[in-house]
Amino acid sequence: MKTILLKGKVLSPFCIWNGEEWTALDYFLINYGKTFALVDQDWILKAIESDSVQKEELLLAIRWNFKLLHEIKSRLKPDPILQTFPLSPEAIKSLSQSRNSNNQGIIKQQLCAHFYWDQAKPILPWSTIKGILRSAWLYWCYTHKGMNETEIKNKNKSMRDFDEELFKWIAVADIPIQNAEFLIQGFSGRAKPAPQGRAPKKSITTYVQSVVKGTFEIPITVQDHQYAQTQEFISHFEEILSLYSDILIQREEQIISNVRYETDFIEELWERVDENIYPIKLWISKKSLTYKLEREKQIQELNTIKGPERLKEARRRGIGDKVLYVAEDQQPVGWIVLQVQEK
């Protein structure tokens, strides 16, 4: 048995959504609206029993009237408070507004392990880690083992056969993020500017329980390192990770170009690579490999176009996503960095 140890940290805010949301009934805004306080929904019964509000008034607020609900909560003191999190300036503004809306006050929750819940410790799920490793290995096969485009795309769609070749020997677990810091904030989509004369596309903001800081260690256990595939995986692991990191950065760079967004973030990512620290973006493993194949094909086609029309055509086609999601500090979301410690 062989273990590869990766050390990592959070580079830009992310939220690995656990599929659940907090609504306006789950929290109060305290400290003059600057702190997000989770409460037990028993507060509703306690409020009725205390005669602080009328039952009919509260039921009306819960059903559809966010403005009334916000006003009712301002009269009450939340007790007990289960957890608190800081709020970003924009989140304070949005969650404090008294308006009626179907999605008013909804916040997506970060995935946390249940046995760490008392400490509110977020995790990187094993499925996310294994997805990164699979896509990195597929790209390595594309560049070093002569797999053609069709083979790569087919394997990228269905990993069952590919698991039998290598990944049944590789074990990873959910990884807790140590010294994690949360921030309730908005992630906004930045789209390509509208052509002159057309109305600009509206920026969509989703409010999330984001992880903004934290460190972690990922032990990757290779259970049978005598197997030919696992020997190759172990001996070339850092190069495999480096190549995959490169394509993720190139993909982000292309998206930034597509939407014409100004940021120095890409330069920061390349500086990390120069230090043998590998930036990885969460959520996009499979798309990124397909992006690389499509990009190389389109570059060959673009080489036949000369002059200013070349750049114009490149922007028209675009590669991958045409929306860039940024945090409130205006940096692209979802980036971590990994460094190989042992193998």
Are [X] and [Y] side-chain neighbours, meaning at least one heavy-atom pair lies under 4.5 Å?
X: Leu25; Y: Gln41; answer: yes
X: Ile175; Y: Trp126; answer: no
X: Lys108; Y: Gln209; answer: no
X: Trp270; Y: Glu268; answer: no
X: Arg260; Y: Arg190; answer: no
X: Val172; Y: Pro219; answer: no
X: Tyr244; Y: Leu241; answer: no
X: Val212; Y: Gln185; answer: yes

What's the spacing between [X] [atom1] and [Y] [atom2] if we round to 0.5 Å?
X: Glu181; Y: Asn179; atom1: CD; atom2: CG; value: 8.5 Å
X: Ile132; Y: Ser127; atom1: CD1; atom2: OG; value: 10.0 Å
X: Ile218; Y: Leu5; atom1: CD1; atom2: CG; value: 9.0 Å
X: Leu111; Y: Asp174; atom1: CG; atom2: CG; value: 7.0 Å
X: Cys112; Y: Ile123; atom1: SG; atom2: CD1; value: 7.5 Å
X: Glu253; Y: Ile247; atom1: CD; atom2: CD1; value: 10.5 Å

Original post:
Partners of Lys7 by salt bridge (charged side-chain N to carboxylate O under 4.0 Å, His left out), sequence neighbours excluded?
Top reply: Glu217
**OP:** For Lys73, check salt bridge (charged side-chain N to carboxylate O under 4.0 Å, His left out) against everything at least two apart and list the hits.
**Re:** none
Original post:
Between Trp43 and Phe28, is the gap from one ring center to the other below 6.0 Å?
Top reply: yes
**OP:** Decide if the gap between the ring center of Phe187 and the ring center of Tyr325 is smaller than 6.0 angstrom.
**Re:** no
Specify the closest pair of heavy atoms between [X] and [Y], including all atoms of both residues, with the distance to one decimal.
X: Ile249; Y: Pro279; answer: CD1-CG, 4.0 Å
X: Leu338; Y: Leu6; answer: CD1-CD1, 4.0 Å
X: Glu328; Y: Tyr207; answer: OE2-CE2, 4.2 Å
X: Ala24; Y: Leu69; answer: CB-CD2, 3.8 Å
X: Ile92; Y: Lys34; answer: CD1-CA, 3.9 Å
X: Ser245; Y: Val273; answer: OG-CG2, 4.2 Å

Do [X] side-chain atoms and [Y] backbone N/O form a donor-acceptor pair below 3.5 Å?
X: Ser12; Y: Gly334; answer: yes
X: Thr205; Y: Gly186; answer: no
X: Asp329; Y: Gln331; answer: yes
X: Gln110; Y: Ile16; answer: yes
X: Ser235; Y: Glu232; answer: yes

Original post:
Could you go step by step and tell me if Leu269 and Leu11 meet the side chain to side chain contact (heavy atoms under 4.5 Å, CB included) rule?
Top reply: CA-CA 9 Å; Leu269 297 182; Leu11 187 60; 3.5 Å; yes
Does either side chain, that of [X] or that of [Y], offer a donor lying less than 3.5 Å from an acceptor on the other one?
X: Gln339; Y: Lys9; value: no
X: Thr215; Y: Gln178; value: no
X: Trp140; Y: Glu239; value: no

Subject >> Intermediate values then yes/no, side chain to side chain contact (heavy atoms under 4.5 Å, CB included), Phe182 and Val211 >> reply: CA-CA 5 Å; Phe182 289 108; Val211 181; 3.9 Å; yes
Subject >> Over 12 non-hydrogen atoms of neighbours within 6.0 angstrom of NZ in Lys46 >> reply: yes
**OP:** Apply side chain to side chain contact (heavy atoms under 4.5 Å, CB included) to Leu95 and Ile107, showing your working.
**Re:** CA-CA 10 Å; Leu95 298 178; Ile107 299 166; 3.8 Å; yes
Original post:
Going through the distances and angles, do Ile336 and Tyr278 end up as a side chain to side chain contact (heavy atoms under 4.5 Å, CB included)?
Top reply: CA-CA 8 Å; Ile336 59 174; Tyr278 307 112; over 6 Å; no
**OP:** Is it possible for you to say whether Leu82 and Leu183 belong to one hydrophobic cluster, with membership spreading through side-chain heavy-atom contacts below 4.5 Å?
**Re:** no
Original post:
Under the ring pair (Phe, Tyr, Trp, His ring centres under 6.0 Å) test, which residues partner Phe36, sequence neighbours left out?
Top reply: Trp22, Tyr27
**OP:** Might you work through the side-chain hydrogen bond (donor to acceptor under 3.5 Å, both in side chains) test for Gln254 and Asn258, ending with a clear yes or no?
**Re:** CA-CA 6 Å; Gln254 183 65 54; Asn258 287 346; 3.1 Å; yes
